[in-house]
Amino acid sequence: MERLSKVMVFSLGLLIRVAVAWSRGPNTQAQVPCFFIFGDSLVDNGNNNDILTLARANYRPYGVDFPQGPSGRFTNGRTMVDILAQLLGFRNYIPPYSVARGAEVLRGLNFASGAAGIRGETGNNLGEHYPLAEQVNHFRSTLQQMKRIFRGNTTRLADYVSKCIFYVGMGSNDYLNNYFMPTMYSTSYDYTPKTYAALLLQDYSRQLTELYDLGARKVAVVGVGQIGCIPYELARYNNRSNKNRTGVQCNETINKAIVMFNTGLVQMVKRYNNELHEAKFIYVNTYESSKDLAANAATYGFDVIDKGCCGVGRNNGQITCLPLQMPCEDRSKYLFWDAFHPTEDANVINAKKAYNSTSPSDVYPMNIQQLALA
Ligand SMILES: *[C@@H]1O[C@H](CO)[C@@H](O)[C@H](O)[C@H]1NC(C)=O
Ligand SMILES: *[C@@H]1O[C@H](CO)[C@@H](O)[C@H](O)[C@H]1NC(C)=O
Ligand SMILES: *[C@@H]1O[C@H](CO)[C@@H](O)[C@H](O)[C@H]1NC(C)=O
Ligand SMILES: *[C@@H]1O[C@H](CO)[C@@H](O)[C@H](O)[C@H]1NC(C)=O
Ligand SMILES: *[C@@H]1O[C@H](CO)[C@@H](O)[C@H](O)[C@H]1NC(C)=O
């Protein structure tokens, strides 16, 4: 009798544990066990909330279209990685490293930090943040945490991590908040756009191979968008006299520098796929996506492509969106939320292309959906 009740208690306990695992089991539908994110304010979801920096967005009207309100995301709603997580079948968004605890880390973490760049000094004009090297260190300590959850079984851990998707989108701030800010940084005096791109790629390459050495096998490397066309740059140098009615005159000096960097990035992805055992790297061409968005704005339903929905000054692009400022009424008509960042609707289009476009000019050599299955 006593034995029987013990067995019953045991089975009940097991049943409860299984039930709890199931109800928590956010991955029962996801295409990959976890999703790790490295990047800047384009994908940061709150890692800067508690540090001393101007690169913060946990105040209204940021998040005006996000159910939980302002979270630290630098847009009105979801970021590109929020949408990618949904497309990959995750039930919840990937939590920021700064707040994630316990077994939650098994689904993946978001290490992205506003103002961050590949170079350590990038973004210092805005205050504290976590540059790429620190984000990689955060991943390294996360792996230790995962190892404990896997009871020290490193074989199992390596196998698990090899199935995860890694999203790495870096470089915008190395131009915006470094090279093209000559009053604060000396890089544009020390390097030509070509040698600077080579320098960035060298640093980037070191960090990406570090991720590979730590176990990353499925890596989506995201290029830098058309920074010469964001409201901030249009506001700095453009005015009505050098703009016509049909188009926005982008800053081609900046765009050309970005193209040099992106071209090297594609070469790097090709090289890794040839040289690193079992590596599957893809290049997500956000430069092409942002160009397409601007060129075919009307088709996508955007009326305003040269102004932020929220901001200050010419093109709403001179200062970023301030606390409690009134944003534009209809966000869906704007390509840009503020001087630097796309609206949620623009993020949706970019995420969908990254996820399942079949055009090699959007995703090379395969899309994220294929990467998940690979
Ligand atoms: C580690 O996990 C693998 C597969 O999950 C298993 O085959 C192996 O026996 C485990 N090793 C140890 C030391 O527990
Ligand atoms: C483009 O940006 C560069 C670098 O910030 C600047 O020197 C140049 O004046 C800008 N050109 C135009 C046409 O806006
Ligand atoms: C417009 O830009 C030109 C050259 O870029 C400059 O000379 C002119 O003063 C600007 N006009 C206004 C109203 O800002
Ligand atoms: C207006 O600017 C766009 C973009 O720079 C350009 O493609 C187009 O030819 C220009 N149109 C006219 C009438 O100058
Ligand atoms: C891409 O994914 C979206 C969202 O899941 C879906 O609606 C669309 O049909 C897919 N397109 C292709 C070509 O698979």
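Start at 1 and go down the list; that is how both ligands and their atoms are numbered.
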Can the ring centroids of Tyr364 and Tyr283 be said to lie less than 6.0 angstrom from one another?
no
A student checking ligand 2 against Phe180 at a 4.0 Å heavy-atom cut-off should list atoms 4 (C), 5 (O)
Tyr204 ring centre to Arg119 NZ or CZ under 6.0 Å, with the angle to the axis within 45°? no
If you scan protein heavy atoms around atom 10 (C) of ligand 1, the nearest is Asn153 ND2, 2.4 Å
- prompt: Is Glu233 in polar range of ligand 2, meaning some N or O pair under 3.5 Å apart?
  reply: no
Original post:
Is there at least one protein heavy-atom neighbour under 4.0 Å from atom 14 (O) of ligand 1?
Top reply: yes
Do any nitrogen or oxygen atoms of Thr155 come within less than 3.5 Å of a nitrogen or oxygen of ligand 1?
no
Can you check side chain to side chain contact (heavy atoms under 4.5 Å, CB included) on Leu208 and Met268, steps first, answer last? CA-CA 10 Å; Leu208 288 171; Met268 202 152 84; 3.4 Å; yes
So the atoms of ligand 2 within less than 4.0 Å of a heavy atom of Ile254 turn out to be 2 (O)
For atom 4 (C) of ligand 1, the closest protein heavy atom turns out to be Arg156 CG, 4.0 Å
Looking at the rings of Tyr130 and His138, which for Trp means the six-membered one, are their centres under 6.0 Å apart?
yes
Indicate, with yes or no, if the rings of Phe139 and Phe166 have centres closer together than 6.0 Å.
yes
- May I ask you to check whether Trp337 and Tyr62 place their ring centres under 6.0 Å from each other? yes
